[in-house]
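Here the structure comes first, spelled out in structure tokens, and everything after it is commentary.
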Amino acid sequence: MQQGTNLPKVGSYNRAVVLEAIQASGGISRVQIAAVTGLTAQTVSVIVRRLLEEGLVVEDGSAPSSGGKPRTILRVDARAGYAVGVHFDPQELSCVLADLAGNPVARLHQPLREEIGPDTVIRRMARAARRILREAGVPDGKVLGVGLACPGPLDADGVMVSPPRLPGWDRVPIKGLLQEYTRFPVTVDNDATAAAIGERWAGIARSAPGFAYLYLGTGIGGGLILDNQVYRGSSLNAAEFGHITVEPEGPECYCGNRGCVEAVCCPSAIEAALGNGADHAAICAAAASGEPEARRVIERVAQRLADAAVSVVNMLDIELLVLGGPALREVGEIYREVIARAVAERPLARRLHGVRVETSPIAADAAAIGAASLVFHATYAPRLGALLSG
């Protein structure tokens, strides 16, 4: 949980810290907010009063007190605002409408054909966003914006730069075009970072000060929350866990290395490893049911993911690793068990602290829900940069 500051001229930062404390808790009193944020009771009281006036927070019941009158419980008003999350995967377009608490209100999935050009795809994103709002009956005035999760690399302006699995998409200004077509402000990030932010805003990592997110989709990526801040790196493309080498003599990867996690663990690599013409979904289903050859392939993939996970844990000294993304399918628990065993037995700091490995409860729609959470995070989350420049 973020710590506030009682210095002057940091009102907007403290407001964000208090709102985050309320959001992460699911229900908290003013006294508890002061305790977890380090702010004075008076500062908390002033900020809460403004949040109540703005309609972002509601008073909802009371909790017993050790002395005096019961403490009033504060919660985020989920209906105070909405965001549309769009996840662009080379094979599918997913759209989620989420309320301010991060709860999915409506979902929409559409298959994509690889031969469709960028402008057509982006116009389909805009139509999907408009359709989901219309069908849910949410007026434009309640919409904080559209979040877009898509394959990287992305530059600071939301322009795609040579995405390896999307020929023909180099230098496409995807953020600007989607903003033009939807007429809403657009926040964009790579799909794995978006999924991590979604987990932070609405998933199992709400109160975790730091964690790594291993995202399994058409490709393999990662997201990082460190010391309560999203870590993106100097070019906004950090946490490419898919390009950790786990088989030095393995197959070539499009990045130029050999034996990367993505080269040996992505869905197309799994299909090639089994070699019987079955698609990824069928292989996962067979492995989950105990079919020996499919199980062997999935367990080998799990071991390679575990090798990468140990490297991540050693490098970052984290205590939580979250697995998510549509490629988990029915084999998520196989992956989780193998990775959990590896990070319990192999990291250097294993005798100092344990590492919890969890499968995201929103795994299948993680990037789309994360995309919606990008909007909430950009609007309300406390950011150190804002404090330091204040």
Side-chain angles (χ1 to χ4, degrees), residues 1 24 152 189-201 203-217 219-234 236-248 250 253 255 257-266 269 298-325 327-328 331-363 366-367 370:
M1 184 63 60
D189 217 320
N190 73 65
D191 43 17
T193 298
I197 290 172
E199 208 64 52
R200 170 72 172 186
W201 188 266
I204 59 177
R206 287 188 180 193
S207 58
F211 68 96
Y213 193 105
L214 179 58
Y215 181 82
L216 307 173
I220 295 176
L224 287 176
I225 307 288
L226 301 176
D227 293 330
N228 295 298
Q229 299 290 315
V230 182
Y231 182 76
R232 293 186 171 89
S234 60
L236 311 181
N237 292 283
E240 285 290 355
F241 301 154
H243 297 285
I244 296 173
T245 298
V246 289
E247 288 187 9
C253 181
C255 73
N257 292 317
R258 301 188 72 92
C260 292
V261 173
E262 183 160 324
V264 298
C265 298
C266 71
I298 292 299
E299 287 180 346
R300 179 175 175 80
V301 166
Q303 290 291 347
R304 294 297 169 263
L305 291 171
D307 291 341
V310 170
S311 294
V312 170
V313 169
N314 276 333
M315 184 177 298
L316 301 175
D317 196 27
I318 53 171
E319 297 184 354
L320 174 62
L321 177 65
V322 181
L323 312 179
L328 284 180
V331 296
E333 186 57 21
I334 299 175
Y335 291 157
R336 193 200 67 78
E337 288 180 357
V338 173
I339 293 171
R341 185 164 58 250
V343 299
E345 297 173 352
R346 294 163 52 189
L348 186 64
R350 62 187 179 275
R351 292 182 177 84
L352 298 176
H353 68 83
V355 179
R356 187 160 53 102
V357 181
E358 301 285 355
T359 302
S360 169
I362 57 173

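Given the structure is predicted, the values throughout are model-derived calculations rather than measurements. Numbers here are sequence positions counted from 1.
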Any chance you could measure [X], atom [atom1], to [Y], atom [atom2], to the nearest 0.5 Å?
X	Y	atom1	atom2	result
Ile298	Ile334	CD1	CD1	6.5 Å
Glu299	Glu337	CD	CD	9.5 Å
Leu323	Glu333	CG	CD	9.5 Å
His353	Asp317	NE2	CG	4.0 Å

Which heavy-atom pair separates [X] from [Y] by the least distance, and what is that distance?
X	Y	value
Leu320	Gly210	CB-O, 4.3 Å
Cys265	Ile220	CB-CD1, 3.5 Å
Ala327	Gly217	CB-O, 3.7 Å
Leu226	Leu316	CD1-CD2, 4.5 Å
Tyr215	Ala367	OH-CB, 3.7 Å
Ala239	Leu224	CB-CG, 3.8 Å

query = Quick one: does Ile225's side chain get under 4.5 Å of Tyr213's, heavy atoms only?
reply = no
task = Tell me, with the steps shown, if Arg200 and Phe211 meet side-chain contact (heavy atoms from CB on, under 4.5 Å).
result = CA-CA 9 Å; Arg200 170 72 172 186; Phe211 68 96; 4.3 Å; yes
task = Could you tell me whether the side chain of Asn190 and the main chain of Ala192 form a donor-acceptor pair under 3.5 Å?
result =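 Indeed, once roles are kept as given, a pair shorter than 3.5 Å links the two residues.
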query = Counting N and O atoms only, with roles assigned by atom type, does the side chain of Glu262 sit under 3.5 Å from a partner on the main chain of His243, one being a donor and the other an acceptor?
reply =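 No, Glu262 side chain to His243 backbone: no donor-acceptor pair under 3.5 Å.
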key: Set of salt bridge (Lys or Arg N to Asp or Glu O under 4.0 Å) partners for Glu247, sequence neighbours left out   = Arg300, Arg304
inquiry  = For Val230 and Ile197: C-alpha separation, side-chain torsions, deciding distance, then whether side-chain contact (heavy atoms from CB on, under 4.5 Å) applies.
reply    = CA-CA 8 Å; Val230 182; Ile197 290 172; 3.8 Å; yes
query = Pick one: which of Val261, Leu305, Val301, Val331 meets side chain to side chain contact (heavy atoms under 4.5 Å, CB included) with Leu216?
reply = Leu305
Single hit among Ile318, Asn314, Leu352 for side chain to side chain contact (heavy atoms under 4.5 Å, CB included) with Pro347 = Asn314
ask   = What pairs of residues pass the side-chain hydrogen bond (donor to acceptor under 3.5 Å, both in side chains) test when at least one of them lies in residues 354-363, not counting sequence neighbours?
value = Glu199-Ser360, Arg356-Glu358
query = Can you pull the salt bridge (Lys or Arg N to Asp or Glu O under 4.0 Å) pairs that have at least one residue in residues 343-354, sequence neighbours excluded?
reply =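 Every salt bridge (Lys or Arg N to Asp or Glu O under 4.0 Å) pair that includes a residue of residues 343-354, provided the two are not neighbours, is Asp307-Arg346.
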